[in-house]
Amino acid sequence: MKEKGLKIVTIGGGSSYTPELMEGFIKRYHELPVEEIWLVDIEEGKEKLEIVGSLARRMVEKARLPIKVHLTLNRKEALKDADFVTTQIRVGLLEARAKDERIPMKFGLIGQETNGAGGFFKALRTIPVILEICEEMETLCPDAWLINFTNPAGMITEAALRHSRIHKVVGLCNVPIGMEMGAAKLLGVDASRLRIDFAGLNHLVYGLDVFVDGISVKERLLSLLTESIDTVTMKNIHAMGWEPAFLKALDLFPCPYHTYYYKTKDMLEKDWEASKNVGTRAEVVKSLENSLFELYKDPDLSDKPPELEQRGGAYYSDAACRLIHSIYTDKRDIQPVNTKNNGAIMGIPADSAVEVSCVITRDGPKPFAVGELPIAVQGLVQTIKSFERVTIDAAISGDYNKALLALTINPLIGSDRLAKQILDEMLEVHKAFLPKFFKNRSNL
Ligand code: G6P
């Protein structure tokens with residue numbers, strides 16, 4: 001890696017989140033000397049890329065930094081000699097997400113971007129595209145790090161780790177950092193004094209213990225959590241309180257996405273109500289995005305507007321920049337990321353991705369040895385990992401039967417009959433983004 005002048009490539013650069021990332025790089029410029037940022041998008045995202053790219057340039061200008069912002073639809077041109085490649089893509093755009101959310105609900109099931117049937121279809125659409133990016137990286141920037149934010153981040157990261165020849169792959173999510181910020185707020189301490197030992201999977205991660213100045217405060221945090229329902233949640237998830245006795249017995253700090261598993265019926269009701277009133281999350285985000293892009297067009301705007309905080313990805317630039325910074329400087333601090341398990345969590349395959357506290361070195365994340373997860377949650381984590389592995393196989397092979405198997409074993413579906421109905425309907429609506437399935441139709 002170069003000592004100076006880093007080249008960062010952001011695939012999906014036309015995203016409304018890009019100002020968040022720009023702000024992160026600008027804030028850290030003096031520790032992380034970024035020379036070039038290449039924002040890459042596809043033809044359908046061209047207009048958004050130009051709007052958000054111009055804002056990115058105004059932000060850099062305002063900060064008086066010598067960072068060159070390049071906008072391109074040519075991914076290969078951008079990838080050449082990159083140092084870090086970040087991915088924030090949405091194959092099929094928000095329209096596909098809205099279908100992932102609405103269709104399962106028709107069958108009385110959770111429709112969510114990263115969990116259950118919705119997460120499954122997002123994985124099927126995205127994995128082949130990520131593997132294509134990895135293949136291009138192999139030749140164009142073999143030494144670069146791939147930092148994946150694309151959802152479902154756990155499965156996408158695992159697909160890249162197991163099915164590409166790129167080894168420098170890390171998956172990143174804002175959920176752990178959101179939990180840290182939320183816990184610090186609840187406990188009334190500065191986040192720098194807090195440490196959480198994280199272990200689990202992406203969007204299924206637990207805080208095994210929580211420390212302030214090295215002393216465990218987990219018990220206190222769990223009791224505070226039952227009193228304050230919305231401090232540790234994300235904008236895209238309905239805030240609902242936990243039963244105090246449940247949390248006490250669980251004795252772990254759950255992540256906001258656990259509500260889909262431990263409050264399935266309540267979440268379904270809330271999502272159903274929302275879909276009839278304000279729309280599904282994708283539909284809400286669509287109108288949020290339209291107003292964000294209207295703001296971004298303003299030539300006098302040269303900062304990240306506060307309205308962006310209405311999206312679920314709060315703190316994501318902090319997570320991304322602190323990770324890139326620690327890899328670049330070999331900082332050896334502790335951060336929760338998605339990486340190869342390598343025996344850290346017993347009972348999860350060594351080559352699978354897990355979300356776990358790691359020491360971040362120049363050579364990548366080194367996970368802490370967790371051992372076995374507490375028995376009350378081990379089964380769920382293993383079940384979801386089985387689902388993820390079968391889903392990845394299905395996405396790569398385009399095998400209908402494997403897809404049906406993956407959906408059926410997901411606890412949010414739990415019926416082969418319903419799984420088949422959903423699969424048939426959703427394969428059809430997402431056909432344009434699932435070429436592997438339609439080549440292999442003889443599998444049926
Ligand atoms: C959370 C998740 C992200 C997800 C985001 C969605 O922050 O951790 O993985 O992308 O929510 O937010 P949105 O505003 O798109 O619903």
Side-chain angles (χ1 to χ4, degrees), residues 10 12 14-21 24 48 52 86-102 110-116 118-119 121-123 125-126 130 147-157 170-182 198 200-207 230-239 254-260 267 270-271 274-275 278-293 304-320 323 336-338 353 355 388:
T10 297
S15 159
S16 54
Y17 279 119
T18 293
E20 168 91 15
L21 196 61
K48 281 170 65 183
V52 80
T86 69
T87 43
Q88 48 183 40
I89 60 173
R90 191 187 294 290
V91 179
L93 310 174
L94 278 170
E95 286 68 26
R97 175 175 174 186
K99 290 174 188 157
D100 287 346
E101 293 169 345
R102 276 207 180 261
I110 294 281
Q112 207 277 324
E113 181 183 23
T114 57
N115 290 274
F121 274 93
K122 192 169 194 324
R125 294 192 299 273
T126 315
I130 287 287
I147 313 283
N148 174 63
F149 315 128
T150 298
N151 270 324
M155 281 193 267
I156 304 303
T157 304
V170 191
L172 203 58
C173 181
N174 66 333
V175 161
I177 195 169
M179 289 166 74
E180 285 167 355
M181 299 297 188
F198 287 101
L201 307 180
N202 179 238
H203 287 185
L204 198 75
V205 73
Y206 296 88
D230 57 0
T231 313
V232 185
T233 192
M234 334 275 314
K235 285 280 193 293
N236 57 316
I237 302 178
H238 305 289
C255 82
Y257 283 88
H258 279 112
T259 44
Y260 290 103
M267 286 305 269
K270 289 260 186 197
D271 283 350
S275 74
V278 288
T280 69
R281 180 67 189 165
E283 292 155 2
V284 170
V285 164
K286 182 90 195 131
S287 77
L288 264 174
E289 261 212 13
N290 291 341
S291 25
L292 280 172
F293 276 91
K304 178 188 87 176
E307 287 82 350
L308 184 52
E309 278 155 31
Q310 293 310 309
R311 298 292 306 273
Y315 311 122
Y316 117 100
S317 75
D318 281 320
L323 173 65
V337 297
N338 288 266
E355 192 162 281
E388 290 187 351

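All ligand and atom numbering here is 1-based and tracks the order in the structure. Everything numeric here is computed off the predicted structure, so don't read it as measured data.
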Distance from [atom] to nearest protein heavy atom, with residue and atom:
{"atom": "atom 2 (C) of ligand 1", "answer": "Tyr257 OH, 3.2 Å"}
{"atom": "atom 8 (O) of ligand 1", "answer": "Asn174 OD1, 2.6 Å"}
{"atom": "atom 7 (O) of ligand 1", "answer": "Gly312 O, 2.3 Å"}
{"atom": "atom 15 (O) of ligand 1", "answer": "Arg311 NH2, 2.7 Å"}

If we set the cut-off at 4.0 Å for heavy atoms, which region of Tyr17 has an atom near ligand 1: side chain, backbone, both, or neither?
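The side chain, only.
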Where on His203 is there a heavy atom closer than 4.0 Å to ligand 1, on the side chain, on the backbone, on both, or on neither?
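Only the side chain of His203 comes within reach of ligand 1.
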May I ask whether [X] has any heavy atom positioned less than 4.0 angstrom from an atom of ligand 1?
{"X": "Met234", "value": "yes"}
{"X": "Arg97", "value": "yes"}
{"X": "Glu113", "value": "yes"}

When you measure from the side chain of Thr114 to the backbone N and O of Pro152, does any donor-acceptor pair fall under 3.5 Å?
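Not confirmed, Thr114 side chain does not pair with Pro152 backbone.
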Are any side-chain N or O atoms of Asp100 and backbone N or O atoms of Glu113, one a donor and one an acceptor, separated by less than 3.5 Å?
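Looks like no, no N/O pair under 3.5 Å.
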Which heavy-atom pair separates [X] from [Y] by the least distance, and what is that distance?
{"X": "Ser16", "Y": "Leu292", "value": "CB-CD1, 4.0 Å"}
{"X": "Pro256", "Y": "Val175", "value": "CD-CG1, 4.1 Å"}
{"X": "Met234", "Y": "Gly312", "value": "CE-O, 3.6 Å"}
{"X": "Met267", "Y": "Ile237", "value": "CE-CG2, 3.6 Å"}
{"X": "Val205", "Y": "Cys255", "value": "O-CB, 3.3 Å"}
{"X": "Glu20", "Y": "Gly313", "value": "OE2-O, 4.2 Å"}

Distance filter under 4.0 Å to [X] heavy atoms, resulting ligand 1 atoms:
{"X": "Val285", "result": "13 (P), 14 (O), 15 (O), 16 (O)"}
{"X": "Cys173", "result": "8 (O)"}
{"X": "Val175", "result": "8 (O)"}
{"X": "Gly313", "result": "7 (O)"}

Tyr316 and Gln88: side-chain donor and acceptor closer than 3.5 Å?
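Side-chain D/A pair, Tyr316 to Gln88: present.
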For atom 16 (O) of ligand 1, which of Gln112, Arg281, Arg90 has the closest heavy atom?
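The nearest heavy atom belongs to Arg281.
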Closest to atom 6 (C) of ligand 1 (judged by heavy-atom distance), picking from Asn236, Leu172, Asn151, Ile177
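It is Asn236 whose heavy atom sits nearest to atom 6 (C) of ligand 1.
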So do the side chains of Arg125 and Arg90 get within less than 4.5 Å of each other, counting heavy atoms only?
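No, every pair of side-chain atoms sits at 4.5 Å or beyond.
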